[in-house]
Amino acid sequence: NNIYSPIGNLDFRPPLEVFLCGDVFAAECWSVGLILLSVVLKQKVTTRKVRGSGKKVWGMLEGLCLEKKQLEVLKGLVAMDNLERMDLRKAAKMLEIQL
């Protein structure tokens with residue numbers, strides 16, 4: 001199966017309910033969150049693996065040696081509710097990254 005579509009890589013595209021909200025930036029934040037989570041866990045975490053629940057993603061983070069801020073950023077980027085999802089500027093600020 002082709003993992004690419006006109007709207008990006010299907011593995012990191014947000015779940016349909018997130019994508020259909022019309023907020024392109026919220027969708028991008030989801031993708032960045034999954035990519036960062038994949039780096040932290042040293043395994044590919046795809047939308048298909050966590051479909052339907054941000055709690056599944058958060059469960060993957062349990063037991064990892066992360067700073068509180070890092071954990072908050074990862075949870076914020078992959079929040080299922082678009083209104084609760086952290087934007088990249090806030091994530092960068094929390095992690096003390098200059099944009």
Side-chain angles (χ1 to χ4, degrees):
N1 292 339
N2 190 351
I3 62 168
Y4 296 98
S5 73
I7 52 175
N9 184 307
L10 297 177
D11 284 342
F12 298 106
R13 188 178 72 189
L16 192 57
E17 58 271 23
V18 173
F19 190 74
L20 291 178
C21 74
D23 185 345
V24 176
F25 297 111
E28 293 295 329
C29 292
W30 170 274
S31 299
V32 169
L34 280 191
I35 292 167
L36 290 174
L37 183 58
S38 295
V39 170
V40 168
L41 294 174
K42 299 180 183 173
Q43 68 180 15
K44 188 174 182 182
V45 178
T46 66
T47 297
R48 286 175 260 199
K49 288 183 182 178
V50 297
R51 182 175 300 142
S53 175
K55 290 180 183 178
K56 290 179 187 175
V57 175
W58 301 339
M60 294 176 180
L61 296 171
E62 289 181 15
L64 290 177
C65 294
L66 295 175
E67 293 178 15
K68 185 178 178 182
K69 286 185 211 178
Q70 294 168 332
L71 187 59
E72 285 181 40
V73 167
L74 283 173
K75 285 182 177 181
L77 289 173
V78 293
M80 289 299 292
D81 186 333
N82 290 324
L83 298 176
E84 293 178 12
R85 187 161 308 110
M86 184 178 293
D87 65 46
L88 296 179
R89 287 178 204 245
K90 182 176 181 179
K93 185 176 181 178
M94 284 184 72
L95 297 174
E96 300 174 8
I97 298 171
Q98 294 280 337
L99 293 181

Only counting residues at least two apart or in another chain, list the ones meeting side-chain contact (heavy atoms from CB on, under 4.5 Å) with Ile35.
-> Phe12
With sequence neighbours left out, write down each residue that passes side-chain hydrogen bond (donor to acceptor under 3.5 Å, both in side chains) with Glu96, or none if nothing qualifies.
-> Lys69
Crowding at CD, Gln43 (>12 non-hydrogen neighbours, <6.0 Å) | yes
In chain order, what residues pass the side-chain contact (heavy atoms from CB on, under 4.5 Å) check against Lys90, with sequence neighbours excluded?
-> Met86, Asp87, Met94
Gap separating the CG atom of Leu34 from the NZ atom of Lys44, nearest 0.5 angstrom = 11.0 Å
So which of Leu74, Val45, Leu95 actually passes side chain to side chain contact (heavy atoms under 4.5 Å, CB included) with Leu36?
-> Leu74
Atom CG in Leu41, atom CG in Leu64: separation rounded to 0.5 Å?
-> 5.5 Å
In chain order, what residues pass the side-chain contact (heavy atoms from CB on, under 4.5 Å) check against Leu88, with sequence neighbours excluded?
-> Cys29, Val32, Leu77
